[in-house]
Amino acid sequence: MPELPEVELARTVLCDALHREIASVDDNDDWVCRPHPPGQIAAALVGGELTAAHRRGKTMWCETSTGPHLGIHLGMGGQIIVDGRVGPTGPEHRAPGPRKPEWDRFTVRFADGGRLTLFDKRRLGRVRLDPDIDALGPDAATITREEFRTRVRRGHAAVKARLLDQTVLAGVGNLLADETLWQASISPSRPADELRPAEVDRLHDCLEASLKAAVAHGGVHTGEVIPYRHADAACPRCGSPMRHGTVGGRSTWWCSTEQR
DNA sequence: CCATATGTTAAAAG
DNA sequence: ACTTTTAACATATG
């Protein structure tokens, strides 16, 4: 579920956890908390408080009164829950399924009795101290037209692979990439450096629009073409069959006639 | 049992 | 050396 829009919404939930004394921390999942051994993150946080919540691409981090930054990544399906308020990270938000306690992978308990939890069935989420934010490219929501042009076109890989590369720009995931390329009528497998300048600009415009719509509507799954990413679907714009394949190592759907 | 899943990344390949 | 692709990661679900 979590791509940039979901993570931004999760970040707003995270803000509810700010300025509250941290009483204890459960960091016992050594896979989610790697490379930290159990207790290390707890030791860095207990007694202090979270003072600010930031995001770049799909990575969030909190500043703390004790010094270190607390990095949180939702992985493939993680959710932030603060005092029972669930970050809207996809269809599950609207139809919450079972919530087994063992799916709580990381928890900060506050002196006021409330708590912040990373809920993640698949366990691909990540919590760590002082994440390397600078390894990421510019945030997809604020990247300039100039930056987008030079970064996306630098490289011969498929344009979808460039969009998904978090060091090129940060925040675009598989669904948002398909949505943006469909909006722009560009084939996902076109080599990025062969796109005409006008096409790259169109892609940037469509990315901005898709991001804005997704944040406003509650997630990337609200994209126009997302419901048509399945076998036997027809393009909602022209009626041609939707095509399927693997591009950039990910399952990809595109319109067989409009996307060139 | 098999395939798939909205992400990242180490390793292999080019 | 740098870029691109693939496989693996942990786990749930259809």
Side-chain angles (χ1 to χ4, degrees), chain A residues 1-10 29-35 55-60 71-80 87-106 118-128 131-133 135-137 140 151-182 188-194 210-211 213-215 217-231 244-253:
Chain A
M1 295 125 216
E3 299 185 30
L4 189 153
E6 286 81 6
V7 178
E8 176 55 24
L9 294 163
D29 190 318
D30 62 351
W31 175 256
V32 168
C33 295
R34 71 192 186 283
R55 179 193 62 74
R56 177 142 152 204
K58 305 169 195 169
T59 297
M60 295 178 281
I72 302 178
H73 196 293
L74 299 177
M76 201 85 134
Q79 295 180 307
I80 292 295
T89 57
E92 269 191 37
H93 172 62
R94 292 175 298 181
R99 294 199 169 278
K100 299 185 187 171
E102 61 265 36
W103 292 339
D104 287 352
R105 307 297 183 179
F106 175 82
L118 170 62
F119 173 89
D120 179 18
K121 306 196 227 199
R122 280 184 69 184
R123 219 173 164 212
L124 287 171
R126 188 96 187 255
V127 176
R128 62 160 309 167
D132 182 11
I133 301 302
L136 298 168
R151 289 183 161 263
V152 172
R153 284 190 66 189
R154 183 167 60 216
H156 193 259
V159 59
K160 178 172 177 178
R162 298 296 291 166
L163 291 176
L164 290 174
D165 186 336
Q166 303 298 299
T167 68
V168 172
L169 74 168
V172 178
N174 199 35
L175 296 186
L176 193 54
D178 277 6
E179 173 74 15
T180 301
L181 288 160
W182 177 79
S189 52
R190 286 271 299 283
D193 57 357
E194 290 175 17
S210 302
L211 273 171
V215 172
H217 298 149
V220 289
H221 57 90
T222 61
E224 285 183 55
V225 83
I226 304 306
Y228 302 92
R229 295 175 83 259
H230 63 80
H244 181 250
T246 297
V247 181
R250 307 299 304 278
S251 180
T252 301
W253 294 85

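Quick note on labels: first sequence line is chain A, next is B, and so on, each numbered from 1.
Across all strands shown, Arg123(A) has heavy atoms under 4.0 Å from sugar-phosphate atoms exclusively, and none from any base. Residue contacts for Gly249(A): at a heavy-atom cut-off of 4.0 Å it reaches no nucleic acid atom on any strand shown.
Minimum atom distance to the side chain of Ser251(A) is reached by dA5(B), of the listed dG7(B), dA5(B), dT5(C). Closest approach to the Met76(A) side chain among dA5(B), dT4(C), dT13(C) is made by dA5(B) (side chain taken as heavy atoms from C-beta onward).
With a 4.5 Å cut-off on side-chain heavy atoms, Trp31(A) and Arg105(A) do not count as touching. Looking at Asp178(A) and Arg229(A), their side chains come closer than 4.5 Å, going by heavy atoms from C-beta outward. Side-chain contact check for Leu169(A) versus Arg151(A): every heavy-atom pair is 4.5 Å or farther apart.
One distance of note links CD of Gln166(A) with NZ of Lys58(A); it measures 4.0 Å at 0.5 Å rounding.
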Residues Leu175(A), Glu3(A); criterion side-chain contact (heavy atoms from CB on, under 4.5 Å); working and verdict
CA-CA 8 Å; Leu175(A) 296 186; Glu3(A) 299 185 30; 3.2 Å; yes
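Rounded to whole angstrom, the span from the CG atom of Asp178(A) across to the P atom of dT4(B) amounts to 15 Å. One interatomic measurement links the two molecules: CG of Leu164(A) to P of dA5(B), which rounds to 14 Å at whole-angstrom precision. The distance between atom CH2 of Trp103(A) and atom C1' of dT13(C), rounded to the nearest whole Å, is 10 Å. The nearest whole Å value for the distance from the CG atom in Asp193(A) to the C1' atom in dT3(C) is 12 Å. What separates CZ of Arg99(A) from P of dA12(C) is a distance of 14 Å, to the nearest Å. Taking atom CG of residue Leu74(A) and atom P of nucleotide dT11(C), one finds them 17 Å apart after rounding to whole Å. Summarising the geometry, the separation between CE on Met60(A) and P on dT8(B) is reported as 12 Å, rounded to the nearest angstrom. Summarising the geometry, the separation between CG on Asp120(A) and C1' on dT8(B) is reported as 13 Å, rounded to the nearest angstrom.
Taking side-chain N and O atoms only, Lys100(A) has no distance below 4.0 Å to OP1 or OP2 of dT11(C). Taking only side-chain nitrogens and oxygens, Arg126(A) never comes nearer than 4.0 Å to OP1 or OP2 of dT8(B). For dA10(C), neither phosphate oxygen OP1 nor OP2 lies less than 4.0 angstrom from any side-chain nitrogen or oxygen of Lys121(A). Applying the 4.0 Å criterion to OP1 and OP2 of dT4(C), one finds that His156(A) has every side-chain N and O outside that range. Dashed line: the shortest gap from a side-chain N or O of Arg162(A) to OP1 or OP2 of dT4(C) is under 4.0 Å.
Distance noted for atom P between dA1(C) and dT9(B): 23 Å (whole Å). dT8(B) and dT13(C): their P atoms are spaced 22 Å apart (whole Å).
In this model, a side-chain donor or acceptor of Arg122(A) finds a partner on the base of dA10(C) within 3.5 Å.
For the pair His244(A) and Gln166(A), nearest-nucleotide mapping onto DNA chain B gives the more 5' position to His244(A). Nearest-nucleotide mapping onto DNA chain C: of Thr246(A) and Leu124(A), the residue sitting toward the 5' end is Thr246(A).
Under the Watson-Crick or G-U wobble criterion, with both distances below 3.5 Å, dG14(B) is paired with dC2(C).
In this pair, Trp253(A) and His244(A) present their aromatic rings tilted. The plane angle is within the 30 to 60° band.
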